[in-house]
Amino acid sequence: MSDIHPLDQLVAACHWIGAKGWAPATGGNMSVRQDAQICLLSESGKDKGTLTRDDFIQVDIATGQALSGRKPSAETGLHTLIYRLFPEAGAVLHTHTVNATVLSRVEQGAALLLHGYEMQKTLTGQHNHLDTVAIPVFDNSQDIPALASEIEDYAARFPLRYGFLLRGHGLTCWGRDVSEARRQLEGLEFLFECERQRRLLENA
Ligand SMILES: CSC[C@@H](O)[C@@H](O)C(=O)COP(=O)(O)O
Ligand SMILES: [Zn+2]
């Protein structure tokens, strides 16, 4: 367990995500759980690759309301949903990568299926490239409460283990701590790149 404060770990993760180009033009949002009731969410509209500790806002997980007058992410409701669904979730990362944005539009089905990749084993609980990893894809919406409700309904019927894609928008993933969330993000992004290339080459 790291002796670096979780918020400082999250700030470092934001800089890493920014350096990767995975949160362009203020896209993306990140959070860390403070306790069972409160999470710390990135402030809306900021460049996520240059955030500091002061750019995170306390939000009530049960209500989605900020404890101060500042505006947390437009997608706060998706972060608080994850923290309510998964008490073990300690950090949530949302990114706007080209791979996630394009693949989620090319995939017309309800989930992006990943199969046959050794790097599936980077995902928590995955031990075999022969397994199929399903990443659900939801149509994008500006109505975050409605989108959160749709995702909650899905999670009541199907496993929601690694993250979900918003069509033409990006990826939201999570972990028990910042380190695991970073690994899930990096693993999924690698797999998305492989799958995008595979589909391009197979259709060439
Ligand atoms: C640059 S617009 C993108 C936003 O609408 C949203 O999708 C996003 O990821 C960032 O919103 P934010 O409110 O800054 O957390
Ligand atoms: Zn977004």
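In listed order, ligands and their atoms are each counted from 1.
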**Q** Is there a donor in the side chain of T124 and an acceptor in the side chain of Y162, or the other way round, less than 3.5 Å apart?
**A**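 No.
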
**Q** Does the side chain of E195 pick up a donor-acceptor pair with the side chain of H115 at under 3.5 Å?
**A**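 No, because no side-chain N or O of E195 sits under 3.5 Å from a partner of the opposite role on H115.
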
**Q** Among the clusters formed by ILVMFWY side chains lying less than 4.5 Å apart, do W174 and F158 turn up in the same one?
**A**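 W174 clusters together with F158.
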
**Q** Report yes or no: does K48 have a heavy atom closer than 4.0 Å to ligand 1?
**A**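 Distance cut 4.0 Å: K48 passes for ligand 1.
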
**Q** Polar contacts were defined as any N/O atom of the residue lying under 3.5 Å from an N/O atom of the ligand; does this apply to G27 and ligand 1?
**A**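 Checking ligand 1 against G27, no N or O pair falls under 3.5 Å apart.
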
**Q** Heavy atoms only: which of K46, H94, H96, H169 is nearest to atom 3 (C) of ligand 1?
**A**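 Comparing heavy atoms across K46, H94, H96, H169, the nearest one to atom 3 (C) of ligand 1 lies in H96.
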
**Q** Rounded to the nearest 0.5 Å, what separates atom CG in N99 from atom SG in C194?
**A**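 The distance works out to 9.0 Å.
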
**Q** Less than 3.5 Å between some nitrogen or oxygen of G28 and one of ligand 1, yes or no?
**A**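 Yes; the residue has a nitrogen or oxygen that sits under 3.5 Å from a nitrogen or oxygen of the ligand.
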
**Q** Could you tell me whether Y154 and F164 have their ring centroids closer than 6.0 angstrom?
**A**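 Not under 6.0 Å, so no.
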
**Q** Does this structure show an ion pair linking R70 with E43, if we count only N-O contacts that are shorter than 4.0 Å?
**A**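 Answer for the salt bridge query: yes.
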
**Q** Donor-acceptor pair, distance only, cut-off 3.5 Å: does the side chain of D55 make one with the backbone of T52?
**A**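 Yes: the side chain of D55 pairs with the backbone of T52.
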
**Q** Going by the order shown, which atoms of ligand 1 are within less than 4.0 Å of some heavy atom of N29?
**A**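 Going through ligand 1 atom by atom, the ones under 4.0 Å from N29 are 8 (C), 9 (O), 10 (C), 11 (O), 15 (O).
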
**Q** Using a 4.0 Å cutoff against the non-hydrogen atoms of A74, which atoms of ligand 1 qualify?
**A**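 Near A74, meaning under 4.0 Å from one of its heavy atoms, ligand 1 has 12 (P), 13 (O), 15 (O).
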
**Q** Examine E75 against ligand 1 and note whether any of their N/O atoms are separated by less than 3.5 Å.
**A**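 N/O-N/O distance under 3.5 Å: yes.
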
**Q** For S73, take its heavy atoms, then give the atoms of ligand 1 lying under 4.0 Å from any of them.
**A**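 Checking each atom against S73, I get 12 (P), 13 (O), 15 (O).
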
**Q** Going by the order shown, which atoms of ligand 1 are within less than 4.0 Å of some heavy atom of T26?
**A**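 Matching atoms, with element in brackets: 1 (C), 10 (C), 14 (O).
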
**Q** Only to 10 degrees, please: what angle do the NE2 atom of H96 and the NE2 atom of H94 make about the Zn ion (ligand 2)?
**A**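 Output for this angle: 90°, rounded to tens.
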
**Q** Does the pair R199/E107 count as a salt bridge with the N-to-O cut at 4.0 Å?
**A**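 Salt bridge present between R199 and E107.
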
**Q** If we ignore hydrogens and angles and just use 3.5 Å, is the side chain of H15 paired with the main-chain N or O of L51 as donor and acceptor?
**A**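 Answer holds: yes.
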
**Q** For the Zn ion (ligand 2), find the closest N/O/S atom on E75 and give its atom name.
**A**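 That would be atom OE2.
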
**Q** Is S42 in contact with ligand 1, taking contact as a heavy-atom separation below 4.0 Å?
**A**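 Checking ligand 1 against S42, which is what was asked, there is no heavy-atom contact under 4.0 Å.
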
**Q** When you compare ligand 1 with A25, is there at least one nitrogen or oxygen pair between them that comes in under 3.5 angstrom?
**A**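 No, A25 has no N/O under 3.5 Å of an N/O on ligand 1.
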
